[in-house]
Amino acid sequence: MTDALLPAAPQPLEKESDDYFRKGCNPLAQTGRSKLQNQRVVLNQQILKAVRMRTGAENLLKAARNQKVREQVRLELSFVNSDLQMLKEELEGLNISVGVYQGAEEAFTIPLIPLGLKETKEVDFSIILKDFILEHYSEDSYLYEDDIADLMDLRQACRTPSRDEAGVELLMSYFIQLGFVESRFFPPTHHMGLLFTWYDSLTGVPVSQQNLLLEKASILFNIGALYTQIGTRCNRQTETGLESAVDAFQRAAGVLNYLKETFTHTPSYDMSPAMLSVLVKMMLAQAQESIFEKLCLPGTQNEFFALVKVAQEAAKVAEAYQQLHAAMSQEPVKENIPYSWASVAYVKAHHYGALAHYFAAALLIDHQLKRGADADHQEKCLSQLYAHMPEGMRPLATLKNDGQRMQLGKGHLHRALGYHEESLREANLCKKLRDIQVLRDVLSAAHQRTQLKYNQHREDDDLLNLIAAPDVLPKTEREAEITSPEFSKVTVTDFFQKLGPLSVFSANKRWTPPRGICFTVEEGDLGFTLRGNAPVQVHFLDPRCSASLAGAKEGDYIVSIQGVDCKWLTVGEVMKLLKSFEGDQVEMKVVSLLDSTSSMHSKCATYSVGMQKTYSMICLSTGDDGKTDKAKKISKKLSFLSWSTSKNRHKSSSTLYLPSVGLARPQTKKKLPTPFSLLNSDSSLY
């Protein structure tokens with residue numbers, strides 16, 4: 001699944017290509033969404049200041065012994081708590097500013113709730129990474145200044161992603177790139193000194209950590225949040241737009257669920273398992289709502305079986321929002337979830353419950369069982385509409401009895417009116433919802449339609465003969481499901497692939513500094529064989545050869561030959577390079593792993609001056625009837641692979657633009673560990 005994410009050998013990127021640079025949105029653009037994000041930034045700073053003042057006041061209250069001082073501190077603490085509460089209410093107002101994120105088309109539909117992007121502070125990677133490259137990899141760190149700048153540009157662009165698939169791909173590219181950076185520069189034994197700060201999207205409280213796990217988790221959260229904004233932006237007046245909305249909310253649920261299962265100990269409350277579970281339920285509920293809207297978009301046919309289907313679909317949406325509201329009402333989520341979100345869930349649960357009863361009433365009142373009608377099919381549908389029929393009623397008998405049909409239908413209308421009134425009451429109680437005019441218009445129109453139908457069939461003795469209508473069973477032909485994130489569709493090139501294959505040259509492995517080995521060919525033989533595929537290792541070293549006397553050891557990795565970088569060269573390419581220096585003194589640089597268990601490859605080759613166009617292949621097998629390695633030498637005639645150096649590219653300085661994905665090198669077949677292998681280790685817990 002992750003083959004597309006594997007870094008290949010260094011490949012020059014064409015600066016002239018139209019896709020060379022990616023960019024985020026202009027942070028200075030005065031769009032409605034950018035204004036909300038700028039307000040969020042200001043509120044986050046004010047909340048941070050208030051939290052610090054409250055912490056200081058609480059510490060002073062604990063330390064003070066003078067009663068007069070303690071009274072003054074209590075007074076100041078009450079003011080600070082009041083200010084903090086007002087700031088959090090302002091932040092809640094931003095979280096329920098749904099109008100900005102909705103589609104531009106005039107729509108008579110209930111607004112959907114998006115998630116705001118998490119805000120962060122700038123991070124300077126340059127000093128820390130350059131020092132680590134010099135200390136750990138023993139390479140000139142100035143050769144990687146452009147790569148570090150690319151990484152910082154990518155992070156900066158991710159702070160203002162566009163609200164479309166390009167923005168999602170941008171965030172995913174950075175998330176995958178963080179996996180490479182973590183493997184290259186973040187050893188598991190100690191912290192690097194980089195402080196990553198992210199603000200809680202719901203409370204505005206900042207969280208800081210010195211590892212990449214908070215950074216990766218926050219980027220995942222923003223991917224899910226961006227999907228919700230894409231979903232709310234879709235045109236819900238067309239089937240294509242509604243289908244896009246369903247897909248976006250299902251993908252948002254998949255990313256948030258992946259975040260919950262992968263990062264199980266997040267320090268930020270908006271990414272806690274309890275909160276993420278609620279957010280996943282909210283995304284699936286909104287996806288189910290979009291499915292219902294798509295079903296009703298062409299218009300609901302006033303036909304028995306169509307009304308049964310629509311009634312059960314509406315009941316399914318009501319059930320999803322009932323479960324969501326129940327989850328929002330549980331501790332500890334209740335304390336931090338925006339009250340307006342819980343109110344929206346409550347309103348929608350009753351609104352769609354009312355619609356379910358309205359359509360059930362319509363199929364009973366408006367459609368009489370006539371001769372020649374499919375009585376058995378109608379009986380089956382009616383029996384499946386409820387968990388159980390009202391006492392004393394049977395499906396077929398009710399269908400044939402006009403009086404029972406009318407009484408049961410009016411019972412459904414009575415319950416629908418009760419649900420409509422409850423949804424309107426809750427919408428009027430919540431201050432934030434009172435400002436959403438389209439929500440009040442939709443609820444009022446649905447209530448008036450139900451009231452009109454009830455008045456058409458109302459009789460004086462209805463209260464005496466009213467039947468308690470049972471609940472409509474929720475049922476759907478298409479249930480909203482979690483769509484897992486597809487990281488494999490985003491091809492990313494490791495910015496720091498010049499350091500070498502990630503399987504060997506990573507932060508969790510240590511080597512000796514590069515050692516220079518100067519040797520000459522003696523009697524037409526190098527004195528050692530080669531094995532491996534990027535990087536190549538010294539193998540079967542003759543202790544009496546000049547390379548061994550110069551300091552070479554079995555298992556050494558060849559990093560350069562005569563100044564040519566060999567970390568990404570295959571066996572054939574190294575052999576061809578050695579052949580080009582035939583008869584001359586060869587200067588080779590090697591490194592040795594300090595770990596007790598170094599990786600040994602199964603493919604090797606040996607080169608001899610006397611062999612003009614051949615080299616030997618040795619295939620090792622540990623369980624091959626006890627045969628020795630030398631007995632397994634097989635001579636094959638193969639052409640030497642070509643080797644060419646990559647040209648350095650010149651990078652344009654920019655804070656909004658960054659390099660796009662590079663092309664994979666077709667000759668390199670060595671597959672490296674992907675950053676997702678780290679997510680399955682203990683490092684995913686923090």
Side-chain angles (χ1 to χ4, degrees), residues 24-25 27 36-37 40-41 43-45 47-48 91 94-95 114-125 151-163 167-182 185-186 191-192 194-229 251-280 283 336 485 487 490 492 675-676 678-679 683-686:
C25 294
L36 283 183
Q37 284 299 127
R40 186 183 294 272
V41 173
L43 281 177
N44 286 338
Q45 296 296 332
I47 290 174
L48 174 60
L91 184 60
L94 295 183
N95 287 326
L115 297 179
L117 299 179
K118 291 172 69 70
E119 290 292 334
T120 182
K121 293 183 178 180
E122 293 187 4
V123 176
D124 187 359
F125 289 96
L151 178 64
M152 295 175 63
D153 286 349
L154 177 56
R155 188 181 193 273
Q156 182 67 22
C158 287
R159 298 179 67 179
T160 57
S162 57
R163 192 166 41 148
V168 173
E169 184 178 349
L170 179 70
L171 292 175
M172 284 189 173
S173 298
Y174 181 55
F175 174 74
I176 299 170
Q177 195 67 239
L178 286 176
F180 295 133
V181 171
E182 184 177 27
F185 302 106
F186 286 79
H191 295 298
M192 291 293 294
L194 284 172
L195 188 65
F196 299 95
T197 301
W198 287 84
Y199 292 90
D200 193 302
S201 66
L202 302 179
T203 64
V205 177
V207 174
S208 300
Q209 277 197 350
Q210 291 189 6
N211 58 52
L212 277 178
L213 295 174
L214 175 62
E215 182 90 347
K216 294 164 72 175
S218 299
I219 291 296
L220 278 177
F221 184 92
N222 278 358
I223 293 174
L226 193 58
Y227 270 128
T228 67
Q229 296 180 15
R251 290 183 182 276
V255 173
L256 296 174
N257 187 66
Y258 178 82
L259 173 59
K260 181 188 70 172
E261 294 179 350
T262 305
F263 300 88
T264 55
H265 294 83
T266 49
S268 182
Y269 189 77
D270 57 353
M271 297 188 293
S272 64
M275 181 60 72
L276 289 174
S277 297
V278 171
L279 295 181
V280 169
M283 297 308 114
N336 293 282
F487 296 109
V490 182
V492 176
F676 302 103
L678 302 174
L679 301 180
S683 65
S684 63
L685 308 179
Y686 67 109

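Basis for what follows: all heavy atoms, side chains included, without hydrogens, waters or symmetry-related copies. Residue numbers start at 1 and run along the sequence shown.
- With hydrogens and angles ignored, the 3.5 Å screen pairs a side-chain donor or acceptor of Gln229 with a backbone N or O of Leu115.
- Among all heavy-atom pairs drawn from Ile219 and Trp198, the shortest one is CD1-CH2, 4.0 Å.
- Using modelled atom types, one side-chain atom of Ser162 and one backbone atom of Gly167 make a donor-acceptor pair closer than 3.5 Å.
- The side-chain heavy atoms of Phe186 and Leu194, taken from C-beta on, include a pair separated by under 4.5 Å.
- Among residue pairs with one or both ends in residues 252-279, those qualifying as salt bridge (charged side-chain N to carboxylate O under 4.0 Å, His left out) are Lys118-Asp270; sequence neighbours excluded.
- Applying the side chain to side chain donor-acceptor pair (under 3.5 Å) test to Asn222 and every residue at least two apart in sequence or in another chain returns nothing.
- Between Phe221 and Gly116, the shortest heavy-atom contact is CE2-O, 3.9 Å.
- Residues that satisfy the side chain to side chain donor-acceptor pair (under 3.5 Å) test with Thr197, not counting sequence neighbours, are Ser208.
- For Val207, the side-chain contact (heavy atoms from CB on, under 4.5 Å) criterion is met by Leu214, Pro267, Ser268, not counting sequence neighbours.
- Taking each heavy atom of Ile176 and Phe487 in turn, the nearest pair found is CD1-O, 3.8 Å.
- In this structure a side-chain-to-backbone donor-acceptor pair under 3.5 Å is missing from Ser218 to Glu215.
- Of all the heavy atoms in Gly254 and Pro485, the pair that sits closest is O-CD, 3.7 Å.
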Inset, instruction - Please test Phe185 against Phe125 for ring-ring contact (aromatic ring centres under 6.0 Å, His included), starting from the C-alpha separation and ending with a verdict. - result: CA-CA 11 Å; Phe185 302 106; Phe125 289 96; 9.1 Å; no
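- Between Leu117 and Pro161, the closest side-chain pair of non-hydrogen atoms falls below 4.5 Å.
- By the 4.5 Å heavy-atom criterion applied to side chains, Leu178 and Leu212 are counted as neighbours.
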Inset, instruction - Any chance you could lay out the side-chain contact (heavy atoms from CB on, under 4.5 Å) test for Lys216 and Thr262, step after step, and finish with the verdict? - result: CA-CA 11 Å; Lys216 294 164 72 175; Thr262 305; over 6 Å; no
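- Using bins of under 30°, 30° to 60° and over 60° for the plane-to-plane angle, the ring pair Phe175/Tyr258 lands in the perpendicular bin.
- Residues satisfying the side chain to side chain donor-acceptor pair (under 3.5 Å) criterion with Gln210, sequence neighbours excluded, are absent altogether.
- Counting heavy atoms from C-beta on, the side chains of Leu170 and Tyr174 never come closer than 4.5 Å.
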